[in-house]
Structures are given as C-alpha cells and as structure tokens.
There are 2 protein chains.
Amino acid sequence: MKKRKSITDIARELNVAISTVSAVLNGKTEERRIGEATKKRVLDYTLNAGYKPNQIARSLRTGKSNIIGMLVEEIANPFFAEITSKVEKKAAQHNYELIYSSTENDVNKIDRLITTYKNRQVDGFIIAPTIGSEKKIKELIEDKTPLVLFDRYLPTLATNNVLINNFNGIYIAMEHLKKSGYMNIGFISTNSRQTNMQDRLSGYRSFVNEHNWDASILEIDFKIGDTIKPSVISKYLLKNLQLDALIFSTNYIALCGLSALQQIQKSISKTYGIISFDDNTHFDLFKPSITTIAQPIEDIAEGIIQTLLLKMKEENYNSPIITKTFEPKLIIRESTKK
Amino acid sequence: MKKRKSITDIARELNVAISTVSAVLNGKTEERRIGEATKKRVLDYTLNAGYKPNQIARSLRTGKSNIIGMLVEEIANPFFAEITSKVEKKAAQHNYELIYSSTENDVNKIDRLITTYKNRQVDGFIIAPTIGSEKKIKELIEDKTPLVLFDRYLPTLATNNVLINNFNGIYIAMEHLKKSGYMNIGFISTNSRQTNMQDRLSGYRSFVNEHNWDASILEIDFKIGDTIKPSVISKYLLKNLQLDALIFSTNYIALCGLSALQQIQKSISKTYGIISFDDNTHFDLFKPSITTIAQPIEDIAEGIIQTLLLKMKEENYNSPIITKTFEPKLIIRESTKK
DNA sequence: CTGAAAGCGCTTACAG
DNA sequence: CTGAAAGCGCTTACAG
C-alpha cells in the first residue's frame, strides 16, 4: 500500500513545527495561540492533500481509541440489528465509532470477543450478556472499563443496565387478551434462563395465578442458529385444544409459530388470538396483522449511549451504578380481534 | 481504566531485554536464538499475568492491523448476514479480524465508511459496491490497497470480483417453470441499476425472447430501509391476470410479494407458481414452501477470503486481477408444482 | 545467546 | 506566538 502523508511530512513541507500542525488539526489554535496566517496555511494544505490523521498513532499516544465495542446476541435478529444501527448513529454524533459482533449466546465466543475488543483498546463496552460470562465481564468492571449491559442483566454483577419491563410487557398483553374475550391463553417461549425470558414468563404466571386460570406453557429447547421445527409447536397445540390465544415470547419463536399454525389449519379450524413480543417489519403485513409487544428501541438506544458516555468521562468512573428500565408498548392489530 | 502491563514492565520484572520478550511472544525464538530457560520464564510469566500485546502499538510499528474491513448493503438482510458471518470465521482462521458496516447503498455513507476504515488502517477491503462509489474505490485501487468487490461489480473499475451468474440463475428458474407447465411468467424486481439486478432481468428477457413469450415486468422503486407496500404488487397482479407464475428478483421483494398474494387471495382465486432469488431460512416453512434460486454462500465466502488473502501478501500487489463467478442453484419446492 | 537503540505517527507538557 | 523533545508500546535491524 502507498505510504500516507504524516504530520511530519506536512510540517516539513510547510516549514512549521510538528506540534503546530497538530494543534491546528485538533482545533487548539486558541490555547496554543497559533497565528491566523499559520492556521490558514496548515488548514489549506491538509484539506487540499486530503490528509487524515493516523488514528492508530493517536490512540497509542492518548490511550483512547474513540471506539465503542458492542456485543449483541445475533446481529441478524431484527431487534438487535435495529438497536445496533441506532446506537451506531448516536455514537457517531458524539464522535465515537461503533464496532459490533454477534455472541450467539456462546460463552466462549463472548469471552474471546471481549479480549479482542480490549486489545483493540475500545473505550467502552455495550453488551447483551450471556449467562456464564460473569467472570469475564467482572474483569471489565474491576479494570474500571466503562460498561453498559442491556436486554438482560446478570444478577450477580453490579454494573450499569438498560432494560425494559419484560414482566409488564406480557402482563398488559394478557390483560388485552382477556378484555378481548380470550380465556385460555398459551405461552410459547424458549427454555432460556436469561432474565428477560424469565421475567416474561413471570408476567404470564402472575396474571394466570391472579385470575385462577390454568397455565399452559411450552418451552422450546433452542440455541441461536437452530431452526425450530414448527411441528414442535403444532404438536403442543393439538395436545392443548382448549387454547384460544397464544403469546410468543420473542420474534423468532413467533415466526415459527405462525408456520405451525398454517400447517395445522386444515386439521383444526379455529382462529387463535395471537400476540408476539418484539415488533417486526413484517408483522403488520401478515394476514391477519399481528398484535405485538414492541420494545421502545429508540429509548433503549438513547439510554445505552447516554449511560456509556457518562461512564466514559474519566471523572465519572466512581459515580453510582445506573439502571434504566423502559416500558414496552402494546401495538394492537387484527390478530387479537375476536 | 486500569493501565495494562506492557512489554517493558515484563522485561523489567524479569530482568531481560524488551526485545527478548518481544521475540518470545512472537515465536521468533529460533531466528533470535533465545535460550530455552529464558523462553520458558517469559512464557510462564506472560501466561500467568494474562498479558496480551497492545495491538495498537503493534499496528503502528508494523503498519499492519490484521483487520479486514467489509462493507455490505445491509447487515440485516439474511444474505449479507450469512456471508459476513462466514467470511468472519474464515478470516479468523487466518488470524484476521473482520469489521463490517452497512452502506445502505448510500454513496455518502460508503465514502465515509471507506475513509473511516482507511484511518483505522485496515489491511484489506471487501465491498458490495454501490453505483456512484467508483471514485472512492478507485482511490483504493490507486493506493494499491488489497480489495475484493462482491455481489455486483462496477464496470468501469478494473479490480477483483467475486460474483455469481445472475443471468443463468433466472434462466434456469424460467426453464424449470416452463417444464412445470407455466407459460405466463411475471418478473418482479426493483428498479436498481446494479449489475446483479440487471443481469437477472437480462436472464428473464432472454428466455422470454427466445420463446416468443410476452415479457411482463414490474420494477418497484425501492431504497434500502423502505417498506414496500404490498399494494404495489397486488395492483400489478390484478392488471396482469394472464400471469400464472412469478419470479421475485430478491428475497425482500419476495416477502412483500407473498403478503400481496395473501391480500388478493379472496378476489382472485388462483395459485401462482412462485420462485424467489436468494434462499431464506423461512422459505421452506411457508405453505406452500417456496422454490428458490440459492446463492452458493459458502463458495462465495471462500472465494472472497482467498482472493483477498492473496492480494494482501505484499509480493502479490501486482498480480493479475481476479474474477470468480459461481453458479447459483435451483432449490425446487412446492410453490412450483402445478 | 542477549541487549541497546531507533522509529512507527501522533499529543502534550514545557521552554523560549 | 512557535518549536524541540519526550513518550505511548511495540518490532526490528544491529552490535556484541
């Protein structure tokens, strides 16, 4: 590759000191009291030559990279894709670059990624943590690395969290179904022990208990990257013919559940009330369109970036731990109209 | 953040020279003839202390980052998500890290991203190029930055490409439909001028011309991030009632088309033969399951990484330009059984 | 077999 | 108002 111009080259060609060029480039002409003429000469030259400072050198010197590392469960999942995209834009506004990777909820992968990112000297971490990654994340906390967890939390770790009220999300969905006349509601979820999934389950259980209903729960054994067989769900439906409505605990389970419903449409002719957690670009296109429990993605993204920015200010390393919890929102569509 | 141990700290604590530590860490104990005992001491110590070399410093010194930058159209699109994931794994096997971003086919964004990645000193680029980005990409070529384009090419740029035979993909799909008894096939695509889309259109036109059929083409005005209204497609179908089969030129158009078909199911009761470009995790779950023209993702990923690795070996900067073209594969499912 | 020194491209006290 | 020098953490010729 062609060698790029350095600040030294520019200083030599312009007959000024390296530090002068640096000051101009960093907008420190005031403190350093650089003359207008010198400033203009440097600016003209660098603009013209298309000079961009070498970030690597800058990082090495300042100990800051202006990079934020973000680890999500799976970037292909629309929820994570959207949130990453929003965080990326917000980070850019504050002059930070975002790099991200999928952990696939794999403890080894998350550990490896944290190490890699650390070696790249990221200034802060945003992580959707996996059960089992407590030890590695604890290292970050002990190093005083600015850090925000989101989507789920790790109960044993005292650090910053941005979450939603998963319990309430399901609870208001149940209330809506009840009001719409459904009385036998099945809850279809994964067997994940993550806090978000457990809280959604609790929301269901609480509502059912409070109303003296029978709980009917399907927990599917699922790992990221697996394809769920719709037959798992159709079998469950055929065994639980009393059900008149279904809540899916997350978007990919819902997609699979909708396939299952198509499969058994011939054998049992009934229309279920349907609600899915996570709104999805396609849910309003379905026939019937699907009622969803939407996460306030904009709020979450803003909550994450603001918390991290605060923590990345050096003087705030010892400020209190922050947890922000947002409320999800029910988007009512055709699938819950009796 | 806590300051990390440096090679200097280690050298001091072990009473050896910095260069000795460096040699051991880089496995150069042979050339540098480091004694077994010294080697063991250093290795034990660094392993124990969990020391990881500072990549920033290493990059600055060697001029190499061991990072590959990849720009795709939209990471949330399953095709790009999969290919990125595969390239990432292959790159890791060769000790390269992959960073990636979505261009959204936006020329400004792609230009900005290339600049950002250059400043991060990536060792090579993998790009799904956008029309209009010729100038910026030409700069990379002139700098002799290792570079591979994929998915589409830019006719005016002489550089390395990894592609599929889009023309043939549609052509064999048409042949299959004809053999299955369909004779009035509509082609539903975007109005994108990208080579991949244009080649797919050419495949359709050629087949139709060769068989003296009438062409029926819908080109939807679409930008990444847009939601296509299914009504655009249903209007087209209602105007072209002679059609008995449809080919969708890409996965998101197909998803939208399937919504449109549901909408008009009541008004026109007929079953279209359906084929979509790009296989998709959900296409085999649909009822009927959808016949697709699948891209050989594994081959494409391997083609990309091998080409780039070759170009990143310094001595190969002046080796000939490489173009690899793979054949797509028809996956026949229920949607094309009459 | 091992170490001292230069240098990658920056920023930042400090001296004048 | 401007410049010379140190130093971030490495690698790599080179000297012994």
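Values reported hereafter were calculated over all heavy atoms of this structure, with side chains retained and with hydrogens, waters and symmetry mates removed. What you see is a predicted model, and the numbers here were worked out from it, not measured in a lab. First the proteins, then the strands, lettered A, B, ... as listed; each starts at 1.
- Listed pair B/Asn54 / D/dC8 fails the phosphate criterion, with no side-chain N or O lying under 4.0 Å from OP1 or OP2.
- Counting to the nearest Å, the P atom of D/dC10 and the NZ atom of B/Lys5 are 12 Å from each other.
- The NZ atom of B/Lys40 sits 20 Å away from the C1' atom of C/dT2 (whole-angstrom rounding).
- Summarising the geometry, the separation between CG on A/Asp9 and P on C/dG9 is reported as 8 Å, rounded to the nearest angstrom.
- For the pair A/Thr38 and D/dT2, the criterion of a side-chain N or O lying under 4.0 Å from OP1 or OP2 is met.
- Side-chain N/O atoms of B/Tyr51 include one lying less than 4.0 angstrom from OP1 or OP2 on D/dC10.
- Between the CZ atom of A/Arg12 and the P atom of D/dT2 there is a distance of 20 Å, given to the nearest Å.
- In summary, the side chains of A/Thr307 and A/Lys324 do present a donor paired with an acceptor at a separation below 3.5 Å, with no hydrogens or angles considered.
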What are the atom names and distances for every N/O pair under 3.5 Å that joins the protein to nucleotides 13-16 of chain D?
none

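- Not one side-chain nitrogen or oxygen of A/Lys64 sits closer than 4.0 Å to the OP1 or OP2 atom of D/dC8.
- With B/Tyr96 as the partner, the side-chain contact (heavy atoms from CB on, under 4.5 Å) test is satisfied by one option alone out of B/Ile305, B/Asn66, B/Leu308, B/Val122: B/Asn66.
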For DNA chain D, what is the dot-bracket line, given that a base pair needs Watson-Crick (N1 to N3, plus N6-O4 or O6-N4) or G-U wobble (N1-O2 and O6-N3) geometry with both distances under 3.5 Å, and | means paired with another strand? |||.||||||||.|||

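- Atom pair A/Glu30:CD and D/dC1:C1' shows a separation of 13 Å (rounding to whole Å applied).
- Note that CG of B/Leu154 is 4.5 Å distant from CD of B/Glu134, once rounded to the nearest 0.5 Å.
- Side chain of B/Arg41 to main chain of B/Leu14: a donor-acceptor pair is present (N/O by atom type, distance under 3.5 Å, no hydrogens or angles).
- Rounded to an integer number of Å, the gap from B/Lys52 NZ to D/dC10 P is 13 Å.
- A donor-acceptor pair shorter than 3.5 Å can be found between the side chains of A/Thr145 and A/Lys118.
- At D/dT12, one or more side-chain N or O atoms of B/Lys28 fall inside 4.0 Å of OP1 or OP2 (strictly under the cut-off).
- In this model, the phosphate group of D/dG3 is approached by a side-chain N or O of A/Thr20 to a distance below 4.0 Å at OP1 or OP2.
- Comparing B/Asn15 and A/Leu60 by the nucleotide of DNA chain C whose heavy atom lies nearest to each, the residue mapping closer to the 5' end is B/Asn15.
- Rounded to whole Å, atom C1' of D/dC10 lies 16 Å from atom CZ of A/Arg61.
- Protein atom CD of B/Gln121 is 14 Å distant from nucleotide atom P of C/dC8, rounded to whole Å.
- At a threshold of 4.0 angstrom between heavy atoms, the contacts of A/Arg58 are confined to the sugar-phosphate backbone, with no base atom among them.
- A/Gln121 contributes atom CD, which lies 5.0 Å from atom CD1 of B/Ile56 (distance to the nearest 0.5 angstrom).
- A/Asp123 contributes no side-chain N or O that, together with a main-chain N or O of A/Lys64, makes up a donor-acceptor pair within less than 3.5 Å.
- Between the CG atom of B/Asn54 and the OG atom of A/Ser59 there is a distance of 9.0 Å, given to the nearest 0.5 Å.
- With rounding to the nearest 0.5 angstrom, the CZ atom of B/Phe125 is 11.5 Å from the CD1 atom of B/Ile68.
- A donor-acceptor contact shorter than 3.5 Å links the side chain of B/Asn26 to the backbone of B/Ser22.
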